Structures are given as C-alpha cells and as structure tokens.
2 protein chains.
Amino acid sequence: MPRRYDPDRRRRLIDAAIRVVGRDGIAGLSHRTVAAEADVPLGSTTYHFATLEELMVAALRQANENFARVLAERLPEDDSGDLAADLARALGEWLGGERTGVELEYELYLAALRRPALRPVAAEWTEDAAALLARRTDPVTARALLALMDGICLQVLLTGGSYDEEYARVALARLIP
Amino acid sequence: MPRRYDPDRRRRLIDAAIRVVGRDGIAGLSHRTVAAEADVPLGSTTYHFATLEELMVAALRQANENFARVLAERLPEDDSGDLAADLARALGEWLGGERTGVELEYELYLAALRRPALRPVAAEWTEDAAALLARRTDPVTARALLALMDGICLQVLLTGGSYDEEYARVALARLIP
DNA sequence: ATCCCATGTGTACGAGGGTACACATCGTGT
DNA sequence: ACACGATGTGTACCCTCGTACACATGGGAT
C-alpha cells in the first residue's frame with residue numbers, strides 16, 4: 001500500500017476541494033468528499049486540514065491568485081485605452097465562460113459572510129484587485145469600480161439574468177471622473 | 001397533547017426558520033432545528049415544507065417584503081432631496097444596526113447563487129427595489145445604483161471593514177447623470 | 001546506524017439529518 | 001349525521017459527517 005512519500009499531497013487536496021465545490025457547492029464539501037476526489041484515505045484530509053474552514057481558506061486563496069492573474073492580463077498597464085470598456089469586456093469574458101467557474105469563485109468569496117476565518121482572505125482579494133485597477137485610475141475610483149463590478153455580477157448570477165456588456169460599460173464609465 | 005387547530009402554523013414555521021438562519025446561518029437550517037425553534041413536532045415541518053428550499057423561498061420572500069417596506073420609508077417620493085445622500089444614509093442605517101439582520105437577509109439572498117429555486121425570488125427583489133428607485137431617477141440608473149449598493153455592502157460584510165457613508169455618497173452620486 | 005517525528009492509513013463511534021409511514025384528529029361538504 | 005380529506009404527531013430507518021485514535025512508515029537529524 002505504498003502511497004507514501006507524496007510531496008504535494010497538500011496541493012492535490014486543495015485542487016480536489018476546488019473541484020468538489022465547483023461541482024456540488026460548499027454544501028457538498030466534506031473531508032470525505034475531498035478524500036474521494038483526491039483519491040486519498042480519509043485520515044489524510046483530516047491530517048492536513050483539521051477543519052473544513054482551513055480547506056476553504058486555502059481554496060479561496062488559490063482561486064484569488066488565478067483570477068488576479070487573468071485580470072492582470074486583461075488590463076494592460078498603459079492607460080491609452082478605455083478603462084470602462086476594458087473592465088466591461090473582462091466581465092463579459094468571465095461571465096460568458098463556464099458558469100461553473102464563476103459560481104465556484106463567488107461561492108468561496110461569499111462564504112466569508114458567515115465565516116470570519118475567510119474574511120482576511122477576502123479582504124486581501126479586494127486589496128489586490130484594487131491595486132491592479134489603481135494603475136489606471138485613482139484608488140477611490142478603483143474601489144468604486146470594483147464594488148460596481150461585484151454588484152453587476154451578483155445581479156446576473158442571482159437572478160439568472162443575462163449580462164449586458166454595453167450597459168456595464170456605460171455604468172462603469174460614469175464612475176470614472 | 002392537543003396542539004391541534006393551529007391556523008397559522010405555516011407562518012410560525014417561517015418565522016422560526018428566519019430566526020434559525022439569523023442565529024446559525026443556512027448551514028444550521030434543518031427540519032429538526034426549525035421544528036425545535038417553533039416548538040412543533042418534526043413531522044409538522046416536513047408536512048408544510050417538503051424540502052428545505054421551500055422554506056428558504058418563503059423566508060427570503062418575507063425578508064424581502066420587510067426590507068422593501070423599510071426602504072420605501074427612507075425614500076420620500078418627492079425628488080427635492082439628494083438621492084445619493086438618501087441612499088447612502090439608508091445603507092448606513094442598515095449596516096449600522098444589528099449585524100445579524102443584515103447577514104440574515106444577505107445570506108438568504110446569496111443562497112440563490114447555487115439554488116435555482118431561489119432565483120425568481122431574488123429577481124423579484126431587485127425588480128421591486130429598482131421600481132422604488134425609479135421614482136427618483138431613470139430605470140437604467142436605478143439598476144446601476146442598486147448594483148453599486150450591493151457591491152458596497154458586500155465589501156463591508158465580507159472583508160469586515162467599516163462603512164464609510166461619505167465615500168458611498170460620492171460614488172453613488174457619480175452614477176446619477 | 002539509530003532514533004524521532006512528521007506524515008500516512010484504517011476503523012470505529014456518536015451526532016445529526018432527510019425521508020417515509022402509520023396513526024390520530026378535526027373541518028367541512030353533502 | 002357522516003365520511004373524507006387536510007392537517008398534526010410520533011417513530012424508525014439509513015445515510016453522511018466530524019472526530020478521535022491506534023498503528024504503520026519513512027526521512028532526516030544526530
């Protein structure tokens with residue numbers, strides 16, 4: 001039974017947790033489901049992550065890093081272009097893809113509402129994203145743009161409506177002084 | 001044991017469900033916890049609400065009605081005043097009160113992300129709120145204002161930060177053409 | 001070479017949950 | 001007056017979960 005000597009078992013558990021949340025939501029997250037998804041015994045998950053919150057923290061942090069990378073690519077540093085249009089397009093690409101991915105990241109993000117342990121990670125995320133936007137505008141406007149993007153995403157995801165990129169562009173443009 | 005003849009048992013179950021979610025979150029919602037909170041036998045909850053989603057739908061709908069009433073009071077129909085300031089103040093009062101109440105309503109609202117059954121109710125809510133705001137501005141702006149308010153609330157609640165009413169007022173004002 | 005400890009494995013227990021179902025009771029239409 | 005259906009009650013089954021614990025194993029410090 002020598003599955004011994006698994007250097008990045010921790011990483012694989014995090015990946016498995018992300019897949020589980022993507023498929024069944026946080027409600028489907030348990031030590032057992034993660035263990036099954038990662039093909040490791042139950043005891044291994046409880047060893048590396050004593051509580052499910054620890055797993056969520058790790059998963060949220062990784063999801064943040066992924067999204068920050070994507071956003072950085074979509075936001076060229078030179079401010080020659082139209083920032084509102086760039087952001088609206090980035091949102092469109094994000095929401096236009098697999099709904100699973102968006103749901104996954106938002107669900108982990110929103111989980112911070114009831115779990116104080118996740119709040120510092122959520123705060124990191126908004127700070128990092130704001131810093132990214134602040135390359136193209138002032139910090140206060142950056143925060144407002146982020147808030148509006150969050151709100152637009154929420155409305156689309158929660159009501160089951162469709163994303164209107166032109167509407168988003170106009171609204172975002174109004175926030176830029 | 002004649003607890004028979006309970007005309008508004010359904011209503012009492014909904015109230016109990018709201019109290020349970022307020023105290024322990026959706027994670028703590030179960031037929032049994034609601035039954036205990038409402039002081040009725042287990043079978044009664046499963047009779048009136050076959051699934052927990054039905055309970056959540058009813059609870060979310062009631063929470064919406066409560067909040068819509070409050071918002072209507074805070075938004076006088078005459079447009080003599082400053083709309084952005086009114087909204088920022090309403091947000092402040094809402095976020096300044098018991099964190100429990102805000103968390104409760106937001107948690108039910110956000111639950112629609114993963115539960116399609118809740119999405120029509122969430123959509124109703126945004127439409128009703130937008131109609132309220134549309135008394136003071138155009139429909140497109142009303143939607144944008146709502147989205148920004150959602151985003152600002154989220155950032156406060158998820159990151160554990162504090163609410164800055166002046167910042168909110170400025171950002172909201174920019175959205176009004 | 002040896003020892004210690006981080007890591008990995010298997011299993012068991014008690015708590016709590018959804019669901020089903022048989023039975024009790026009352027209101028109401030006929 | 002009566003029967004039937006809506007509503008209420010109690011209980012039992014089976015599942016999943018978190019947790020704890022005893023044991024195995026191999027790497028690296030000494």
Side-chain angles (χ1 to χ4, degrees), chain A residues 1-60 62 107-108 111-112 114-118, chain B residues 1-60 62 104 107-108 111 114-118:
Chain A
M1 252 70 306
R3 173 73 54 60
R4 307 336 191 59
Y5 220 11
D6 199 340
D8 51 8
R9 160 121 359 154
R10 219 165 173 283
R11 158 79 77 164
R12 279 174 48 211
L13 286 173
I14 296 173
D15 291 340
I18 288 180
R19 285 196 300 274
V20 169
V21 175
R23 192 196 322 126
D24 306 321
I26 286 185
L29 190 71
S30 77
H31 285 120
R32 284 177 171 82
T33 53
V34 171
E37 177 72 28
D39 191 33
V40 300
L42 168 63
S44 189
T45 62
T46 66
Y47 174 74
H48 287 281
F49 301 93
T51 75
L52 290 179
E53 272 196 355
E54 284 182 33
L55 247 181
M56 282 191 254
V57 168
L60 176 57
Q62 179 164 321
E107 193 172 8
L108 285 170
R114 281 295 190 170
R115 287 169 238 264
L118 293 191
Chain B
M1 251 75 303
R3 174 73 51 61
R4 308 339 191 55
Y5 217 12
D6 200 339
D8 51 8
R9 161 124 355 155
R10 219 166 173 282
R11 158 78 78 164
R12 280 174 49 212
L13 286 173
I14 296 173
D15 291 342
I18 288 180
R19 285 197 299 275
V20 168
V21 174
R23 192 197 321 125
D24 305 323
I26 286 185
L29 190 71
S30 77
H31 283 120
R32 283 176 170 83
T33 54
V34 171
E37 177 72 28
D39 191 33
V40 300
L42 167 63
S44 188
T45 62
T46 66
Y47 173 74
H48 286 282
F49 301 94
T51 74
L52 291 178
E53 272 197 354
E54 285 181 34
L55 246 181
M56 282 192 255
V57 167
L60 176 56
Q62 179 164 323
L104 158 67
E107 191 172 8
L108 285 171
R114 280 294 190 170
R115 288 170 239 264
L118 293 190

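Chain naming here is simple, since letters A, B, ... match the order of the sequence lines and numbering starts at 1 in each. All values reported here derive from a predicted model rather than from experimental measurement.
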*Return the value, rounded to whole Å, for the distance between atom CD of A:E54 and atom C1' of D:dG18.*
14 Å
*Would you find a donor on one side and an acceptor on the other, under 3.5 Å apart, between the side chain of A:H48 and the backbone of A:R11?*
no
_Please determine whether a side-chain nitrogen or oxygen atom of A:Y47 lies at a distance below 4.0 Å from atom OP1 or OP2 of C:dT7._
yes
Just the table, please: protein N/O against nucleotides 12-17 of chain C N/O, every pair under 3.5 Å.
unit_1 : atom_1 : unit_2 : atom_2 : d
C:dG17 : OP1    : B:S30  : OG     : 3.3

_Without decimals, in angstroms, what is the distance between B:E53 CD and C:dG18 P?_
13 Å
*Sequence neighbours excluded, which residues qualify as side-chain hydrogen bond (donor to acceptor under 3.5 Å, both in side chains) partners of B:D15?*
B:Q62
*Could you state the CZ-P distance from A:R10 to C:dA6, rounded to the nearest angstrom?*
15 Å
_Partners passing side-chain hydrogen bond (donor to acceptor under 3.5 Å, both in side chains) against B:T33 (at least two apart in sequence or in another chain)_ = B:S30
*Once you round it to whole Å, what is the distance between C1' of D:dG8 and CZ of B:R12?*
12 Å
*Compare the minimum distances between each of D:dT9, D:dT19, C:dG8 and the side chain of A:S44, then state the nucleotide with the smallest one.*
C:dG8
_Counterpart residues, side chain to side chain contact (heavy atoms under 4.5 Å, CB included), relative to A:Y47 (two or more places apart)_ = none
*May I ask you to evaluate whether B:H48 reaches the phosphate of D:dA6, defined as a side-chain N or O under 4.0 Å from OP1 or OP2?*
no
_Partner set under salt bridge (charged side-chain N to carboxylate O under 4.0 Å, His left out) for B:R23, not counting sequence neighbours_ = B:E37
*Whole Å only: how far is the CG atom of A:L55 from the P atom of D:dT19?*
12 Å
*asked:* Restricting to side chain to side chain contact (heavy atoms under 4.5 Å, CB included), what partner residues turn up for A:R115, sequence neighbours left out?
replied: A:I26, A:E53, A:M56, A:A111, A:L118
*For B:T51, which contact category applies under a 4.0 Å heavy-atom criterion: base, sugar-phosphate, or nothing?*
nothing
